[in-house]
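These notes concern the structure reproduced below.
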Amino acid sequence: MDSIAARADDCMGRGDWDGAERVFLAALAEAENTGEKSAALSLCSELLGFYRQRGDAEKFYPVYDRCMALLGEVRPGAAARGTILINAATALAAFGEAAHALPLFREAESLYAAALDANHPRLAALYNNMAAALDALHRPDEAERYMLRALELAQRGA
């Protein structure tokens with residue numbers, strides 16, 4: 001996975017987003033063809049963020065559906081599962097589906113609480129993204145609570 005991400009990052013660094021997409025999709029096709037579901041799940045997670053960055057909802061949704069199906073088949077550790085859910089939720093929120101994203105954020109929060117130290121940096125990122133989704137849902141009090149939690153962790157050096 002690291003070499004695939006490095007090749008895709010190299011493409012993106014040169015502004016070759018189509019090349020990066022080809023790298024990810026070729027690796028995903030190989031993982032699917034060889035039955036490597038864990039690798040396919042990791043690649044789907046990468047593609048969720050990739051399509052969010054590109055603003056490409058049309059390509060995002062089929063990958064999102066496959067990712068959710070793979071999460072039902074593959075049992076990654078709690079922190080890894082949480083990160084995949086955050087990637088999905090952040091993209092959903094970016095595509096205007098904050099209400100659909102919120103349950104994924106909440107599940108990720110539970111998983112992180114069980115798997116990570118209370119000051120882990122991933123929690124600050126989670127809380128920041130949850131705050132944005134809550135704000136989009138016009139729930140300012142909840143959004144503020146999560147933003148303050150994110151800031152508190154950031155100030156602690158998390």
Side-chain angles (χ1 to χ4, degrees), residues 1-98 100-101 103-133 146 150-151 153-158:
M1 187 64 213
D2 289 341
S3 67
I4 295 163
R7 288 192 348 250
D9 285 346
D10 180 58
C11 289
M12 289 183 278
R14 290 180 283 129
D16 183 8
W17 289 81
D18 291 338
E21 181 181 29
R22 282 191 299 276
V23 168
F24 283 132
L25 292 176
L28 177 59
E30 182 178 340
E32 293 280 16
N33 288 336
T34 59
E36 296 177 49
K37 291 182 179 184
S38 183
L41 178 59
S42 294
L43 288 158
C44 283
S45 182
E46 289 290 328
L47 280 164
L48 296 176
F50 179 81
Y51 289 132
R52 177 186 54 80
Q53 287 178 322
R54 291 198 81 184
D56 194 336
E58 183 178 329
K59 290 182 179 177
F60 164 80
Y61 283 103
V63 173
Y64 168 79
D65 290 340
R66 181 62 181 139
C67 189
M68 294 299 108
L70 285 165
L71 272 176
E73 299 172 28
V74 177
R75 296 289 177 210
R81 182 178 177 87
T83 298
I84 292 166
L85 291 172
I86 291 166
N87 286 344
T90 302
L92 284 168
F95 293 129
E97 295 207 37
H100 191 163
L104 300 180
F105 280 132
R106 297 240 190 258
E107 183 180 346
E109 182 180 26
S110 294
L111 291 163
Y112 275 11
L116 301 176
D117 178 73
N119 293 321
H120 198 284
R122 286 193 224 174
L123 286 168
L126 167 63
Y127 296 153
N128 183 56
N129 286 317
M130 285 180 78
Y146 277 99
L151 287 170
L153 284 171
Q155 288 172 342
R156 284 190 213 156

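Note that these values count all heavy atoms, side chains included, but never hydrogens, waters or copies made by symmetry.
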Of all heavy-atom pairs between [X] and [Y], which one has the smallest distance, and what is that distance?
| X | Y | result |
| --- | --- | --- |
| Phe95 | Arg52 | CZ-CA, 3.9 Å |
| Ala20 | Ala8 | CB-O, 3.6 Å |
| Cys11 | Gly19 | SG-C, 3.8 Å |
| Ala31 | Leu43 | CB-CD1, 4.3 Å |
| Leu41 | Pro76 | CD2-CG, 4.1 Å |
| Ala115 | Ala79 | CB-N, 3.8 Å |

Sorted by chain and residue number, the side chain to side chain donor-acceptor pair (under 3.5 Å) partners of Tyr146 (sequence neighbours excluded) come out as Arg106, Glu109
Residues passing the side chain to side chain donor-acceptor pair (under 3.5 Å) test with Thr90, sequence neighbours excluded, are none
For this session: Check for a donor-acceptor pair, side chain of Asn33 on one end and backbone N or O of Ala29 on the other, with a separation under 3.5 Å.
Result: yes
Any donor-acceptor pair under 3.5 Å linking the side chain of Asn129 with the backbone of Ala125?
-> yes
[X] side chain near [Y] side chain, heavy-atom distance below 4.5 Å:
| X | Y | result |
| --- | --- | --- |
| Leu104 | Ile86 | no |
| Cys44 | Leu70 | yes |
| Tyr112 | His120 | no |
| Asp18 | Asp16 | yes |
| Tyr51 | Glu21 | yes |
| Leu47 | Leu25 | yes |

_Pair Leu92, Phe60 - check side chain to side chain contact (heavy atoms under 4.5 Å, CB included), show working._
CA-CA 9 Å; Leu92 284 168; Phe60 164 80; 3.8 Å; yes
Practice item. Apply side chain to side chain contact (heavy atoms under 4.5 Å, CB included) to Tyr61 and Glu97, showing your working. Key: CA-CA 12 Å; Tyr61 283 103; Glu97 295 207 37; 2.6 Å; yes
Phe105 vs His100, ring-ring contact (aromatic ring centres under 6.0 Å, His included): CA-CA, chis, key distance, verdict: CA-CA 9 Å; Phe105 280 132; His100 191 163; over 10 Å; no
Rounded to the nearest 0.5 Å, the OG atom of Ser45 sits from the OH atom of Tyr64 at a distance of 12.5 Å
d(Leu28 CG, Glu46 CD) to nearest 0.5 Å is 11.5 Å
- [ ] Mark yes when over 12 heavy atoms from residues, nucleotides or ligands other than Glu30 sit less than 6.0 Å from its CD; otherwise mark no.
- [x] no
Practice problem: Can you establish whether the number of heavy atoms outside Glu58 located under 6.0 Å from its atom CD is more than 12? | Solution: no
Check your understanding: Between Glu32 and Lys37, is the closest basic N to carboxylate O distance under 4.0 Å?
Key -> no
So does Asp9 pair up with Arg14, basic N to acidic O under 4.0 Å? no
- Task: Go through the steps to decide whether Leu85 and Leu71 satisfy the test side chain to side chain contact (heavy atoms under 4.5 Å, CB included), and finish with yes or no.
- Result: CA-CA 9 Å; Leu85 291 172; Leu71 272 176; 3.8 Å; yes
Sorted by chain and number, sequence neighbours left out, salt bridge (charged side-chain N to carboxylate O under 4.0 Å, His left out) with Glu107 holds for Arg81
